[in-house]
Engineer: 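Mind looking over this structure? Questions follow.
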Amino acid sequence: MSSLSDAQPAATGKMPMGLVRAWRLVSFIVRFAASLLLTFLGLLAITFFIGRIVPIDPVLAVVGDRAPRAVYEAARLKMGLDQPQIVQFIQYVGAVLSGDLGLSVSSGRPVVQDLAEVFPATLEMATLGIAIGVLLGVPMGVEAAAHRNSFGDQIIRVVGLAGYAVPAFWLGLVGLALFYARLQWVAGPGRLDVFYDGIVEPVTGLLLVDSLLAGETEIFWNAVSHILLPAAILGFFSLAYISRMTRSLMLDQLGQEYVTTARVKGVSERLVIWRHAFRPILVPLITVIGLSYASLIEGSVMIETIFSWPGIGNYLTTALLNADMAAVLGATLVIGGVFIAINKVCDGLYRVFDPRSR
Amino acid sequence: MTTLSHWLTDDSPASRLQARLGRWYRMGLALWRNRLAMLGVAIVLALVILAVAAPYIASHDPLVQDLTRRLLPPSGDNWMGTDELGRDIWSRVVFGARITLVIVAMVAVLTAPIGLLLGAISGYLGGWIDRLIMGVTDIFLSMPKLILALALVAALGPGIENAGIAIAITSWPAYTRIARAETLTFKNAEFIAAMRLQGASTARIIFAHVLPLCLSSMIVRVTLDMAGIILTAAGLGFIGLGAQPPLPEWGAMIARGRSFILDQWWVATMPGFAIVIVSLGFCLLGDGLRDVLDPKSGDRH
Amino acid sequence: MTKPLLEVENLRVTFPTSRGDVDVVAGISFSLGRERLGIVGESGSGKSMTGRSILRLIRPPGRVRADLFRFDGQNLLDLSERQMRAIRGARISMVMQDPKFALNPVMTVGEQIAEALRAHGNLPRREVSARVLDMLAAVRITDPKRVASLYPHEVSGGMGQRVMIAMMLIPEPDILIADEPTSALDVSVQAQVLDIIDEQVRQRGMGLMLISHDLALVSHYCDRVIVMNAGRIVETLDSGQLGAASHPYTRALIEAVPRLDETRDWLPTLPRAGGEVA
């Protein structure tokens, strides 16, 4: 951080500008990578810690509670549970790095394998959700700020508040009752109607893409009608957050002196808003969108439970109820890892691309 | 009356008391004029009253089952209908206010002082202590809160206390950040230097001068966070990791109503409205308080 | 003197506060031709609001009223927003106070100057960039090509203010308002920037309204000086006749300026209350 601001052009006047920028970029990337690694390590420490405080005996979970003493002891040694905690933690980190998240008690398969299968479903839904959130939320926020205190602004503010006050799982239930059961506008829980299941060979794991690749338009539209409601609900939360942040960023901009300068020049109000006020917020807005995307992946846990959506959130809650700790921690690690990565990358992008911070 | 309000809003108060009362008067007035904030105040007050006077407000015993009266729609006798065990939903919602209030209070009491203290220490002392505290804080801040709370409750075991602890563990870092930022803004101010010259100890400066100054932005942030805490707690209850049956926790009530959502919509819908209204109340109150106490961080006028 | 470009009578700018409406400009009248007019006053005297109200830049809840507010035969208060836009920049322009805040941080200097030109007509791209470079050269920027490609945070304050002047003069307006154009700059470049403004205004035969708190500076660069206090005009003087100022407030302003060849034990301060000098 400090070298970003310390290296004023005047202080490094003898170096060419390009070299100064390159040097700053390199040192920035090094620090960025270090902070990313540290955060991941922190996440691993937390999941490791959670794994230790579980009142379930991990050895019993493997050998079963009828195992003779000798078998139990052998398994305990084999799992490295006689080692000091710090050694166990290093072994744990090593195992995770090599892609070993343990065995799921309920599916009997490696957790990694399970997660690879369910993750695309989550990604598909969250991505559609963020698309809805950005496409609606950004223009809404800009409009609200441009016509501050107008009727439209009030509505957008209420929507923004609702995003903080409405429980996602409840909205999902009410949405199902209304749009699926009563109005029959959309299909019900799950990714596809039962009789379409397993027809399309998974290539990317994203059903919307795979069905189109396979030329199965009927299945594509069925998938659309299934994903629409859960994605729209995720999209609602995303647009609530994005429009609120866009509005407040824009209000801040519209109060800036250079926006007045643009008006002094006789620039039209539309250009004042989109070129002078909106362009400077693009970079912080990317961060906002990234945060929203990360929180949708996290928030999909609740929505997937409601919509029986076979994604990582559903996997996590099922594992929670079965006390399948390896699966719980694996899913936590993956969601947490994706969350952290998106967060950090957006933060990094912000620092690299904002001309003021260069 | 007018002389009193003139005395209170005098531009050059004659005494410290007059200045302080004047400030409160102006803040109170600003809050009073903000209709949405007053709505928030009313909702939060209503929640407290419901929780305290639950036995007098509820029309039925929230736990008594009556299988002859199961799944009745809202009526004069059962304002919000009855659930699958014939319990009165209105009464359960009223008693549920207690659980919500307990969790909210628990999280606030656990997190705010810790965050405040850590942040003030970090900001005031600086150096390697600052770097260490903020390093840990940043790591926690980048974590997904809901997922972490889920995993923690899974490990600790379900229940209100554990849900509260799990939420608390995931929400202290934000307060540390705020308190630190606030501390940094006046760390080098003259009055702090004056205290130091008078020989005040570091601990005394932090407790007597730094902490009180961080308080207002802290109150704003805690109030704004209440909605999120309520939603997370309800989410844990919904998944089955929060308050255990037969306790009338709102999230758990929605979970039970899930099977009847198509035909007996009121079972799941009514507690949901309670959550929405209470969360909204805290949001509105927080927004209003922010405008009054901490105007620089919010929308400008 | 020829017919004035701008005539203002009984201009009021009002803002609502918790203790009732406050007139930050409380009924002032003046006119401006192709001359150099200075407005002097302490901060809060309403001088900046006067400048901004001419461009109709006072945003609600602020209100502007006047018995007469005529520019080039049109009443500014009657114009639509679209008609007003055609005046802003093209006919009346304003140099803002601090280039650090008044230039858009994410647009290059060249883009921002070109925009002032493009807002008032369609010119071929080649001509626009040629005129931008000419204009930069006219405000004594030695390497216009390089400077045009810089971002505002990459130029110094003095250069930023010259960019600002270039941007405001490129559409060739009739009136230039300069609102404290040098108060954010280092003393060493202040005179340079004012000389550039002065030179350009003379060459183009424009009207200049120089708003400042610095009486000496204004009287040096202007033909006439209006002294404002608490939203009112205290006195109007020809700049050569400052010594003849009769109003006590003006006298106090003059007294407050320290001179090199004097030894004074104390500098007089301006009594604030009510704008009256005891």
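Treat the numbers as computed from the prediction; the structure is a model and nothing was measured. In what follows, every chain begins at residue 1, and chains take the letters A, B, ... in the order their sequences are listed.
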Engineer: Check this for me, if you would: do R275(A) and E115(C) make a salt bridge, where the nitrogen-to-carboxylate-oxygen distance has to be below 4.0 angstrom?
Structural biologist: yes
Engineer: Mind running side-chain contact (heavy atoms from CB on, under 4.5 Å) on Q112(C) and K265(A) for me, showing each step along the way?
Structural biologist: CA-CA 10 Å; Q112(C) 294 188 58; K265(A) 290 194 284 188; 4.0 Å; yes
Engineer: Could you tell me which portion of E81(C) (side chain, backbone, both or neither) has an atom closer than 4.5 angstrom to a non-hydrogen atom of chain A?
Structural biologist: neither
Engineer: Are Q256(A) and N104(C) side-chain neighbours, meaning at least one heavy-atom pair lies under 4.5 Å?
Structural biologist: no
Engineer: Taking atom OH of Y258(A) and atom CE of M107(C), what is their separation to the nearest 0.5 Å?
Structural biologist: 11.0 Å
Engineer: With a 4.5 Å cut-off on side-chain heavy atoms, are T261(A) and M94(C) touching?
Structural biologist: no
Engineer: CZ of R88(C) to CZ of R263(A): how many Å apart, nearest 0.5 Å?
Structural biologist: 8.0 Å
Engineer: Give me the atom names and distance for the closest heavy-atom approach of A119(C) to G266(A).
Structural biologist: CB-O, 3.9 Å
Engineer: Which answer fits M84(C), side chain, backbone, both or neither, if we ask what part of it has an atom under 4.5 Å from a heavy atom of chain A?
Structural biologist: neither
Engineer: Please classify the contact between L57(C) and chain A as side chain, backbone, both or neither, with a heavy-atom cut-off of under 4.5 Å.
Structural biologist: side chain
Engineer: Any salt bridge between E257(A) and R52(C), counting N to O under 4.0 Å?
Structural biologist: yes
Engineer: Identify which part of R59(C) has an atom lying under 4.5 Å from any heavy atom of chain A, answering side chain, backbone, both or neither.
Structural biologist: side chain
Engineer: For the interface with chain A, which of P152(C), A116(C), P173(C), A86(C) has the highest count of heavy-atom pairs at distances below 4.5 Å?
Structural biologist: A116(C)
Engineer: Roughly how far, to the nearest 0.5 Å, is the OG1 atom of T260(A) from the CG atom of L55(C)?
Structural biologist: 10.5 Å
